[in-house]
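Heads up: the structure comes next, in structure tokens.
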Amino acid sequence: MIGTIQDFIRKSISASGISKLYSIKYNFRQNIFFNNSLLDREIENFALQIKVPENKKELKSENIAFFATEFYEQGGHAVLIRNILQNIPENYNTELFLTKKNKSMKDAKKRIEEITSYTKIDGINFSFMHEKKLLRQMFDKIISFSPKVIIVFMHMNDAFAAAILALLKKHTNIKILFVNFAAHHPSLGMSFADLILELSPYNAFVTQKYRGLANTHIIWLAGESEKNLPTFSEEQIRETKTRIGIPKNCFCSMTGCAAYKLYSGKKSEFLELIRRLLEEHENLCHVLITNLTDELKQIIDSIFQNSKTRNRLLILNFVANYKPIFKCADLFIDSFPISNDLTMIDLMSLKIPFVSMINRKNIIQSFNEYMPKNYPYVFENLKDFEQGVCKLFLDKAERNRIAEMNYEHFLNFFEGKKVTEKILKLTNRDDFNEVFCKINEQDYKNYGEPRLVPIV
């Protein structure tokens with residue numbers, strides 16, 4: 001365990017013969033610190049060794065740049081970027097810059113195809129072997145576009161992207177809006193932001209109190225716009241159920257998340273709950289959409305080894321076109337100990353009722369602030385959670401009521417056009433001081449001290 005951030009920095013830059021950025025990123029995997037401004041300074045000192053010409057091009061107020069590391073078919077931030085881009089009016093010019101462009105083009109074909117229908121994609125193919133040359137190339141690409149603002153969706157461990165932000169901060173007047181879409185991780189680059197866009201109030205609270213950065217503004221999470229929401233016929237839903245193996249006339253509960261969100265250590269209270277529900281209700285089938293790691297497979301095998309219900313637990317891999325599968329669910333059971341923010345927004349927009357858990361021990365693994373005020377199906381303990389699942393299982397009218405209530409909440413807070421309009425208003429500002437949000441720490445006195453998830 002690293003004792004102090006200073007110890008961590010010394011370790012990060014000590015390896016001889018290795019690039020500075022590689023050394024920082026490699027050791028950053030062990031990082032548990034919220035405030036990484038000192039590491040940002042190390043990255044900045046390295047980046048500013050690069051000579052760049054004076055930029056005399058005038059910034060264009062109608063030009064908005066987007067900046068990210070790479071995309072995956074299932075990556076949530078690619079969907080967020082798409083949801084924003086599809087709602088930007090035609091009088092704006094946009095361009096997306098990726099630090100791993102070719103890899104994204106190869107591994108996220110569907111997402112790239114979606115996004116290229118709204119904007120041009122440029123960038124570089126990062127290699128630590130040529131980091132200084134590539135820093136200059138990426139910097140030149142961005143300033144050639146002359147954006148007034150750059151909206152950043154970088155991976156939190158992307159030392160190269162952080163170095164680009166340092167160059168932009170030093171040598172240009174481009175405003176940096178940093179989207180904190182992975183608040184449960186430590187982050188590089190955040191201290192270069194003119195404004196940090198937070199997706200919930202308690203994320204802003206954590207950034208202010210623990211990351212030591214006051215320049216936060218809450219935009220909420222951008223779902224799809226109302227006009228772009230998909231619709232599915234009963235026939236389409238039946239065909240999808242048949243394709244994925246849901247038995248006819250069977251009640252379908254569902255969970256979708258990364259494997260690590262389902263267990264702690266070698267145990268999974270969540271999967272033990274699913275086994276109990278399957279044992280109690282013979283007409284129940286549970287669909288689990290996840291990346292089936294060896295560790296998760298061992299946990300599942302252990303929990304279900306003596307249960308006849310294993311054939312009613314259907315495990316699917318992630319797919320890019322997941323919404324038709326979501327629509328097969330009568331009820332969504334959110335994962336714990338770590339919840340799912342973008343999934344929750346999708347469920348609201350698709351009118352699928354869900355049950356979720358508040359994580360009082362670690363605020364940044366909980367998303368109860370995304371729900372309607374006094375939401376009746378978010379719980380603080382497993383017993384009440386299980387009872388809530390059973391109540392919705394038995395009461396179709398209540399499921400319909402909750403689905404409609406959540407949809408109205410989605411339209412008010414997360415609808416893509418509304419969130420995009422908020423962002424565009426920010427891009428038109430010259431001074432962000434007036435939009436910094438003020439968080440009352442007393443609102444979070446009943447939560448434990450947050451703990452970050454190291455980036456593996």
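- E224 and S349 form no side-chain donor-acceptor contact under 3.5 Å, judged by distance and modelled atom types alone.
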Task: Working for side-chain contact (heavy atoms from CB on, under 4.5 Å), residues F432 and H217 - done: CA-CA 9 Å; F432 295 125; H217 182 81; over 6 Å; no
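- Using a distance-only test at 3.5 Å, with no hydrogens or angles considered, no donor-acceptor pair links the side chain of K132 to the main chain of I50.
- With salt bridges taken as basic N to acidic carboxylate O contacts below 4.0 Å, one links E114 and R111.
- Taking a cutoff of 4.0 Å between a charged side-chain nitrogen and a carboxylate oxygen, R399 and D395 do not qualify as a salt bridge.
- Atoms CG and OH, from L424 and Y92 in turn, are 4.5 Å apart once rounded to the nearest 0.5 Å.
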- [ ] Test side-chain contact (heavy atoms from CB on, under 4.5 Å) on I81 and I84 and set out the steps.
- [x] CA-CA 5 Å; I81 293 173; I84 295 168; 5.9 Å; no
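- No close placement of the F178 and F192 rings is indicated, their centers lying 6.0 Å or farther apart.
- Contact annotation: the side chain of P230 never approaches that of Q236 to less than 4.5 Å [non-hydrogen atoms, C-beta and beyond].
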Under 3.5 Å donor-acceptor pairs involving side-chain atoms of residues 243-253, not counting sequence neighbours:
residue : atom : partner : partner atom : Å
S253    : OG   : H286    : ND1          : 2.7

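- Judged purely by atom type and a 3.5 angstrom limit, E73 has no side-chain atom pairing as donor or acceptor with the backbone of A320.
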Open item on the list: Assess the residue pair Q86 and T420 against the criterion (side-chain contact (heavy atoms from CB on, under 4.5 Å)); give the C-alpha distance rounded to whole Å, side-chain angles, the decisive distance to 0.1 Å, and a yes or no.
Closed with: CA-CA 9 Å; Q86 68 184 7; T420 303; over 6 Å; no
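- With contacts defined as side-chain heavy-atom distances shorter than 4.5 Å, the pair I115/F66 does not qualify.
- Checked against the 6.0 Å centroid threshold, F153 and H77 do not count as a close aromatic pair.
- No donor-acceptor pair closer than 3.5 Å links the side chain of T216 to the backbone N or O of I196.
- With hydrogens and angles disregarded, no donor-acceptor distance shorter than 3.5 Å links the side chain of N83 to the backbone of G416.
- With sequence neighbours left out, F326 forms a ring pair (Phe, Tyr, Trp, His ring centres under 6.0 Å) with Y322, F332.
- Remark: the S187 side chain and the N180 side chain contain no N/O donor-acceptor pair separated by less than 3.5 Å.
- Residues I352 and K327 form a side-chain contact, since some pair of their non-hydrogen atoms from C-beta on lies under 4.5 Å apart.
- Evaluation of the ring pair (Phe, Tyr, Trp, His ring centres under 6.0 Å) rule for F354 yields Y375 as partners, not counting sequence neighbours.
- Heavy-atom neighbours of N228 CG from other residues, nucleotides or ligands within 6.0 Å: above the threshold of 12.
- Residues H184 and I364 share a closest heavy-atom pair of CA-CD1, 3.7 Å.
- The distance from the CZ atom of F181 to the CE atom of M154 is 8.5 Å, given to the nearest 0.5 Å.
- Here the side chain of R29 pairs a donor or acceptor atom with the backbone of Y26 at under 3.5 angstrom.
- A side-chain N or O of S339 and one of D334 form a donor-acceptor pair less than 3.5 Å apart.
- Proximity of a side-chain donor or acceptor of D40 to a complementary backbone N or O of S191 within less than 3.5 Å is detected.
- Using a cut-off of 4.0 Å between Lys/Arg side-chain N and Asp/Glu carboxylate O, E44 and K169 are scored as not salt-bridged.
- The backbone N or O of K25 lies less than 3.5 Å from no partner atom in the side chain of N157, so there is not a single donor-acceptor pair.
- Within a 6.0 Å sphere centred on CG of N440, heavy atoms belonging to other residues, nucleotides or ligands number more than 12.
- A distance of 6.0 Å or more separates the ring centres of F318 and Y72.
- Taking the six-membered ring where the residue is Trp, F126 and F160 present tilted rings, their angle falling between 30° and 60°.
- To the nearest 0.5 angstrom, K241 atom NZ is 13.0 Å from I325 atom CD1.
- Considering only heavy atoms from C-beta on, L221 comes within 4.5 Å of L80 through its side chain.
- For the residue pair D431 and N433, the shortest heavy atom distance occurs at OD1-ND2, 2.7 Å.
- To the nearest 0.5 Å, the span separating CD1 on I176 from CG on L165 amounts to 5.0 Å.
- Interatomic distance, L277 CG to L313 CG, rounded to the nearest 0.5 Å: 11.5 Å.
- Considering every non-hydrogen atom in both A47 and A163, the closest pair reads CB-O, 3.7 Å.
- Surrounding NZ of K438 are at most 12 heavy atoms belonging to other residues, nucleotides or ligands under 6.0 Å away.
- Under the 3.5 Å distance criterion, the side-chain polar atoms of T290 are matched with a main-chain donor or acceptor of A259.
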- [ ] List the steps, then state whether salt bridge (charged side-chain N to carboxylate O under 4.0 Å, His left out) holds for R401 with E398.
- [x] CA-CA 5 Å; R401 183 184 77 85; E398 177 69 352; 2.9 Å; yes
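- A side-chain donor-acceptor contact under 3.5 Å links T119 and T94.
- For the ring-ring contact (aromatic ring centres under 6.0 Å, His included) criterion with H409, the lone passing option out of W220, Y370, F414 is F414.
- Across all their heavy atoms, A182 and M156 have their closest contact at N-CE, 3.6 Å.
- Residues E131 and S19 bring a donor and an acceptor atom of their side chains to less than 3.5 Å of each other.
- Nearest heavy atoms, L135 versus I164: O-CD1, 3.5 Å.
- Of the possible donor and acceptor atoms, none in the side chain of T207 sits under 3.5 Å from a partner among the backbone N and O of A204.
- Under a 4.0 Å N-O distance rule, the pair K175/D430 does not qualify as a salt bridge.
- P147 approaches L59 most closely through the heavy-atom pair O-CD2, 3.4 Å.
- Ion pairing of K110 with E113 is absent here, as no side-chain N (NZ or NE/NH1/NH2) approaches a carboxylate O to less than 4.0 Å.
- The backbone N or O of N368 sits less than 3.5 Å from a side-chain atom of Y202, completing a donor-acceptor pair.
- N31 CG to N36 CG: the interatomic distance, rounded to the nearest 0.5 Å, is 4.5 Å.
- Residues K60 and N93 have side chains that never bring a donor and an acceptor to within less than 3.5 angstrom of each other.
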Open item on the list: For L262 and L288: C-alpha separation, side-chain torsions, deciding distance, then whether side-chain contact (heavy atoms from CB on, under 4.5 Å) applies.
Closed with: CA-CA 10 Å; L262 296 167; L288 175 60; 4.0 Å; yes
